[in-house]
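Everything below concerns the one structure shown next.
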Amino acid sequence: MRSFFETALLTVALASTWSSAAGAAVSGHLVASDLLPETTVTPGTKVVLDGGAYVAHVTADGSFSFPDVSDGSHLIEIISREFMYPKVRVSVAGDDVLAHLHIDGTSWNSPGPVMNLPLEIPGRMKLDPFLPRPKMTIMGMIMGNPMLLMMGGTFVLFYYMPKLLEGMDPEELKKMEDNRKNQPKMEMPDISEGLANWFAPAPTQPAPKKK
């Protein structure tokens, strides 16, 4: 009889200890939104907790569940190859669970808007892993080639400069010509001799004569 009561008490103690150690359950659904009314759950979509410490696979109807989340603040992220979902911050204290929308770039101490439980996480945008090939146009080829731009600018300068000079006042044109003639001419230094001395072999010194 005594052993029966001892076994019962031990069972009750273990059950209370397990219930106190077990965490809270956090569940939710991936739902459509006004931005993405036709969101579908693609194969390979999963929900990760705290960067992958726990992983919950998403069912065909978009539901997921973490049955045992410990006390503290946790981050829920949805990994999908076709859709982008917002991140959710979950704070657990015993059986109490509070969820907030997490915005990247904000402080962890500044939670976002409160979300209802069970979670309903809407899709934000569709991901396209393939970039469209840029179209080849004549203007794009010209603007993307600096050599063509320089040639075009030189051609325009030589073509329109005489016409601009023809439309100028003769007195102003003569004054410009006189100023150009009066400018000191810049003479380039003769570097041929310096280069010749630079590349010339060093003179050899005669060996001392033996006495």
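Everything quoted here is computed from the prediction, not taken from an experiment. The first residue of the sequence shown is numbered 1, and numbering continues consecutively from there.
- Of the possible donor and acceptor atoms, one in the side chain of Thr59 sits under 3.5 Å from a partner among the backbone N and O of Ser63.
- When atom types are taken as modelled, the side chain of Asp50 and the backbone of His74 share no donor-acceptor pair closer than 3.5 angstrom.
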With side chain to side chain contact (heavy atoms under 4.5 Å, CB included) as the test, would you mind laying out the steps for Asp104 and Lys87 before giving the verdict?
CA-CA 8 Å; Asp104 289 336; Lys87 300 177 183 179; 3.2 Å; yes
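- The shortest distance between side-chain heavy atoms of Leu119 and Val26 falls below 4.5 Å.
- For the atom pair CG of Leu35 and NZ of Lys126, the computed distance is 14.0 Å after rounding to the nearest 0.5 Å.
- Side-chain atoms of His100 come within 3.5 Å of backbone N or O of Gly112 as a donor-acceptor pair.
- Leu101 and Phe64 end up in the same hydrophobic cluster when Ile, Leu, Val, Met, Phe, Trp and Tyr side chains are linked at under 4.5 Å.
- Residues Ser65 and Pro67 share a closest heavy-atom pair of O-CD, 3.8 Å.
- Side-chain polar atoms of Thr106 and Ser110 form no donor-acceptor pair below 3.5 angstrom.
- Nearest heavy atoms, Val47 versus Phe66: O-CZ, 3.5 Å.
- No side-chain heavy atom of Pro122 sits under 4.5 Å from any side-chain heavy atom of Glu120.
- Distance check, rounded to the nearest 0.5 Å: CD1 of Ile76 to CE of Met115 gives 9.0 Å.
- Across all their heavy atoms, Ser73 and Ser91 have their closest contact at OG-OG, 3.5 Å.
- The closest side-chain heavy-atom distance from Arg89 to Trp108 is below 4.5 Å.
- Ala99 approaches Val88 most closely through the heavy-atom pair CB-CG1, 4.2 Å.
- Both Leu117 and Val92 belong to a common hydrophobic cluster when Ile, Leu, Val, Met, Phe, Trp and Tyr are linked at side-chain heavy-atom distances under 4.5 angstrom.
- Using a 4.5 Å heavy-atom cutoff, the side chains of Arg124 and Leu36 are not in contact.
- Counting heavy atoms from C-beta on, the side chains of Tyr54 and Val69 never come closer than 4.5 Å.
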Do Ile79 and Lys46 pass the side chain to side chain contact (heavy atoms under 4.5 Å, CB included) test, and can you show the C-alpha distance, the side-chain angles, and the key distance before you say yes or no?
CA-CA 5 Å; Ile79 308 300; Lys46 57 186 178 180; 4.0 Å; yes
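- At a threshold of 4.5 Å between non-hydrogen side-chain atoms, the residues Glu77 and Val48 count as touching.
- Across Thr45 and Ser80, no two heavy atoms sit closer than the pair OG1-OG, 3.8 Å.
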Begin from the C-alpha positions of Val97 and Val90 and carry the test side chain to side chain contact (heavy atoms under 4.5 Å, CB included) through to its verdict.
CA-CA 7 Å; Val97 180; Val90 177; 3.6 Å; yes
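- Leu75 places a side-chain heavy atom less than 4.5 Å from the side chain of His102.
- Ile103 and Leu98 fall into different hydrophobic clusters, where Ile, Leu, Val, Met, Phe, Trp and Tyr are joined by side-chain heavy atoms under 4.5 Å apart, directly or via other members.
- For Asp61, the CG atom is densely surrounded, since the number of other residues' heavy atoms within 6.0 Å is greater than 12.
- Here the side chain of Ser33 pairs a donor or acceptor atom with the backbone of Gly123 at under 3.5 angstrom.
- Contact of the Leu30 side chain with the Ile78 side chain is registered, since non-hydrogen atoms from C-beta on lie closer than 4.5 Å.
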